[in-house]
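Residue numbering restarts at 1 for every chain, and letters A, B, ... go by the order of the sequence lines.
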Amino acid sequence: MDKTYDPQAIEQRTYARWEALGCFAPAGDGPAYCIVIPPPNVTGTLHMGHAFQDTVMDALTRYHRMLGDAALWQPGTDHAGIATQMVVERQLNGEGLTRHDLGRERFVERVWQWKEQSGGTIARQLKRLGASVDWSRDRFTMDEGLSRAVTEAFVRLYDEGLIYRGKRLVNWDPVLKTALSDLEVLSEEEEGRLWCFRYPLADGSGHLVVATTRPETMLGDTAVAVHPEDERYRHLVGRTIRLPLADREIPIVADEYVDPAFGSGCVKVTPAHDFNDWEIGERHRLPVINILDADARLNDAVPGAYRGLDRFEARKRVVADFEALGLLEKVEPHKLMVPRGDRSHTVVEPWLTDQWYVRIAPLAAPAIAAVEDGRIRFVPENWDRTYFEWMRNIRDWCISRQLWWGHRIPAWYGPDDAVYVGRSEAEVRARHGLGPDVPLSQDEDVLDTWFSSALWPFSTLGWPDRTPELARFYPTSVLVTGFDIIFFWVARMIMMGLKFMDDVPFREVYVHGLIRDHDGQKMSKSKGNVIDPLDIVDGIGLEQLVAKRTTGLMQPHLAAGIEKATRRQFPAGIAAYGTDALRFSFAAMATQSRDLRFDLGRVEGYRNFCNKLWNAARYVMIATEQDPGEGPAELSLADRWIRARLDAATRAVRDGFAGYRLDLAAQAAYEFTWYEFCDWYLELSKAVLQSPEAGDAARRGTRRTLLGTLEALLRLLHPLMPFITEEIWCRVAPRAGMAGATIMQAPFPAAAGEAEAAVLDEMRWVMDFILGVRQIRGEMDIAPSVRFDVLLQDAGPEDLARVARNAGCLERLANVVRPRALAADESPPPAAAALLGGMKILVPMAGLIDVAAETARLGKRRTRLQQELARAEAKLGNASFVQNAPAAVVEQEQGRVAQFKRELEQLAAQLERLASLG
RNA sequence: GGGCGCGUAGCUCAGCGGUAGAGCACUUCCUUGACAUGGAAGGGGUCACAGGUUCGAUCCCUGUCGCGCCCACCA
């Protein structure tokens, strides 16, 4: 093995070997375990959030595969309607074209081309991350099978009356010129204004004042509303307003919606351009005047002067005209929530159109019940509150989009606007007895991307066919997802799964936090803080990183700032840390927190961990080169101890996986590997293997423990660090007596029985002995190379027995010559002291140690002990504590007091001796 | 206006009704045959604040302050 861990050298070839071995497909007769990947955008690239999430899913999958489950991690990608269409449109714009220049058919062809060209990126990235997805089952939301599922679902829902077509207000994106669902509209508070207009009464007897944040909509006003109880206006209800500019007469109506305390207590009503006003309009049967075109310019329903104006132009014009007429009462600054499209970021307009909707309440009810009764469990569980909150107030889902890229709605229009829904035009004709002469045209619109995503857990397994995979793997085991798409995706999958499969789509939903940058900022291109996960794996130079971050910006003026920040943060670019270090970092970050701050320092730390593991393995391989052959083995104290500690670590790692606490699993594995296996056991093993006195039985015991522990440790770590563990395992396993072509197919370690208390006790004593001596060495600045004498004062028989049994270890790890017990009448030389139980470990000063320094050191310890003692005594002095606390706790406290007292006595004696020397 | 979350070492975060933990950073010593991507030792925290429950609270409850996220139709 090379001296230094080199991820580049080992990661490249391993994945291909796994694929060749066919390790990724579910195997065996074990229980089914299935995760469906949240499909990334087919034309996108994996960002840190994906890499994190994929690491979690791969770790879970590998873990369950090693447990013997038939584990399937179902891969696939999403066509991502709007996002993908926008990318291709932008490409066209670069060529001076629009999609309309190409026409629908050629445009869609072009998108497919782009998909073919860039669609392999995700797969390549996943492979670099070590993702053990079953590539033979790879799916795409627009592939033939999934498209069939989409059509089937649509038709069935329509036939049941759960999908309908309706003319009503939708969120209209005037830039993308499509309807959006409520979820795709993001409202943010912005600084705006509140304009107060005077609306003259038609009879000339005065005016009412109405306030608005969108003056241009007044051209579509069809009423003014007041509260029915409002004394100020009661007498005006039923009378009319002469609407300025539009020169129409509109009624004054009374409606409970109006808040008399806000503004003047009068509200202008524009049913065609405001969701609330629409409802008021319905209640009062008001006319609906649509004043906007698809691109939010004023249409012919407004007076000539305003026609063709953009909505914001029109706003200025309307305000100016009101002012000119002396009808502008006042303008004040006003904060308001502005709805914007999540893709275009343009202000969304409520607009009256024909759209397709899913009647959601009947689907939501069973989906709520499934979580209420525990058939689906959120982890952490408080996310169910968020889920319930949304599901109980859910509104019908607008699923039609005026795009070209997506699943075409399976509806056909005949003469007289008759609507036919079916799986194909042929089926429609057959079902409705329409001859070939009847002209039919298919709906131009496509479905919301999330409609196909909602079917993902069963469509990928073959639905609507009843495939063996569907029977075996549905319901899937767990959904791993970020909380940002609970509504978009999780809730809808639950509804559709229950609807079409009559069962939940997954039993658990593991909701993880979102990856943010070091400062807690969301990673985004425009912030310039994006890190490509593969750049951490492979490394990247500073210039390349700067280039990557500053090209293709939507707002090029940000480039300079991004470059500066990047140069400051990564003066040397990013080093190549390898996949395993990155994965282990992700696992360690996977706390229950919502915001997961990504810190490269941590990756470096875990790269070092990989190196540590690598070198530990190197040592084990070198140390076990010599085979003492078959024969009885004898386990040393250290051998027994490390086996017990491995069991404890195994339990902790298993618990971590079971509770979706990969951070705790990673921590347990890390601490065992470094602090127990490497820091202690490997050193202790040297005391046996490098001792001329050790017999073959002892050598066998240590050799087998070294190999066995390392081999099991590799399996313990494998789900988190697949590459390095595979690489080492292939060398270690044969020597450890494990057969198999790959660690992927080896069983996950199981914890054996309870550890023997005597082993743990004695090992604790050995460690404390060594630590006591090391502390003197460290604080007295004695070089590690200096080997000194150690004397034992007041050693009991058990102490002496332990010294005898563990002499080799003590000498080696504390770097002392064989400890010698002082005779009863022998007076100790000037020495530094460490306490171990009733015994004093003395390090004779002999020119090594300064009296003053040792006095100071012991004095500090005494102070600390005195504080502890005082606290413990106060506790025991409290009668109600002794009375009420559990006996074990009281006993423990009493033990501590006794211990402190004894140590203080020893310290006092020692300090006295030192004083007499001074 | 509702819902949720967070405030623990300089930084990033675990933890937990009974001696405050880790990584990184920091100080000192050390190239000892696995590893300087390392080893040994060390410094550093009234666990945001105030009440309450309890024998005992960093942990449970209430409130306050600060920070964040999500949902929501006030013109």
Side-chain angles (χ1 to χ4, degrees), chain A residues 1 3-5 182 187 194 196 210-214 217 225 257-259 261-270 274-279 334 336-337 380 382-383 385-386 388-390 393 483-484 486-487 513-514 518 520 575 577 581 585 588-589 591-602 604-623 661 663-664 667 670-671 675 678-679 682-683 686 690 771 774-785 787 812 815 868 871-872 875 878-886 888-890 892-893 896:
Chain A
M1 290 173 75
K3 185 173 172 183
T4 302
Y5 160 68
D182 296 338
S187 291
L194 191 65
C196 296
V210 297
T212 181
T213 54
R214 297 189 301 152
T217 63
Y257 165 77
V258 180
D259 176 1
F262 186 90
S264 64
C266 301
V267 180
K268 63 189 269 311
V269 181
T270 322
D274 183 284
F275 291 102
N276 292 310
D277 293 4
W278 171 264
E279 287 177 15
H334 183 72
L336 74 161
M337 298 296 278
N382 53 292
W383 283 109
R385 304 285 299 270
T386 304
F388 288 138
E389 185 74 12
W390 189 69
N393 299 297
F483 56 82
D484 51 335
I486 288 180
F487 306 145
L514 267 28
H518 185 264
Y577 294 109
S585 306
M589 282 170 74
T591 65
Q592 294 202 328
S593 177
R594 280 183 194 200
D595 296 329
L596 309 176
R597 294 195 191 200
F598 187 81
D599 177 7
L600 259 189
R602 234 163 144 183
E604 184 172 344
Y606 294 124
R607 188 276 317 268
N608 294 352
F609 176 63
C610 291
N611 188 57
K612 187 76 179 173
L613 179 66
W614 181 262
N615 278 290
R618 215 158 68 90
Y619 163 74
V620 172
M621 292 305 285
I622 292 166
R661 291 301 304 269
D663 59 326
L664 300 181
Q667 192 184 359
Y670 181 97
E671 289 176 353
Y675 306 135
C678 291
D679 285 354
L682 294 190
E683 296 307 318
K686 292 174 187 171
Q690 294 176 15
L771 290 171
R774 279 180 183 171
Q775 192 173 39
I776 292 169
R777 185 189 292 276
E779 294 196 31
M780 296 299 116
D781 276 352
I782 303 170
S785 52
R787 187 154 227 228
R812 185 179 180 97
N815 195 24
E868 296 254 31
R871 248 167 45 190
K875 221 167 177 181
N878 182 348
S880 51
F881 168 74
V882 180
Q883 207 166 7
N884 294 310
V889 173
V890 177
Q892 185 193 329
E893 211 59 30
R896 293 181 68 216

(request) Counting heavy atoms from C-beta on, name the nucleotide in B:rG2, B:rG42, B:rA34 closest to the side chain of A:K612. (result) B:rA34
(message) I want to verify a distance call: between B:rG2, B:rC55, B:rG68, whose nearest atom is closest to the A:F881 side chain?
(response) B:rC55
(message) Please report the distance, rounded to the nearest Å, between CG in A:N276 and P in B:rA72.
(response) 13 Å
(request) Have a look at A:M589 and say if it touches a base, only the backbone sugar-phosphate, or nothing, with a 4.0 Å heavy-atom cut-off. (result) nothing
(message) If only side-chain N and O atoms count, and only distance matters, is there a donor-acceptor pair under 3.5 Å linking A:N878 with A:S880?
(response) yes
(request) Using the P atom as the reference point in each nucleotide, state the distance between B:rU58 and B:rU19 in Å, no decimals. (result) 10 Å
(message) So for atom CZ, which belongs to A:R812, do other residues, nucleotides or ligands contribute more than 12 heavy atoms lying within a distance under 6.0 Å?
(response) yes
(message) Closest approach to the side chain of A:V889, judged atom by atom: which nucleotide of B:rA22, B:rG38, B:rG18 is it?
(response) B:rG18
(request) Classify the side chain of A:R607 and the base of B:rU37 as holding, or not holding, a donor-acceptor pair under 3.5 Å. (result) yes
(message) Considering every strand and a 4.0 Å limit on heavy-atom distances, what is the contact class for A:T386: base, sugar-phosphate, or nothing?
(response) nothing
(request) Give a yes or no on whether a donor-acceptor pair under 3.5 Å exists between the nucleobase atoms of B:rA34, that is its base, and the side chain of A:E683. (result) yes
(message) If you go through the side-chain atoms of A:R602, does one of them form a donor-acceptor pair with the base of B:rU12 closer than 3.5 Å?
(response) no
(request) Please state whether the base of B:rC4 and the side chain of A:R594 form at least one donor-acceptor pair under 3.5 Å? (result) yes
(message) To check you understand the geometry: which heavy-atom pair defines the closest contact between A:Y577 and A:L600, and what is its length?
(response) CE1-CD2, 3.9 Å
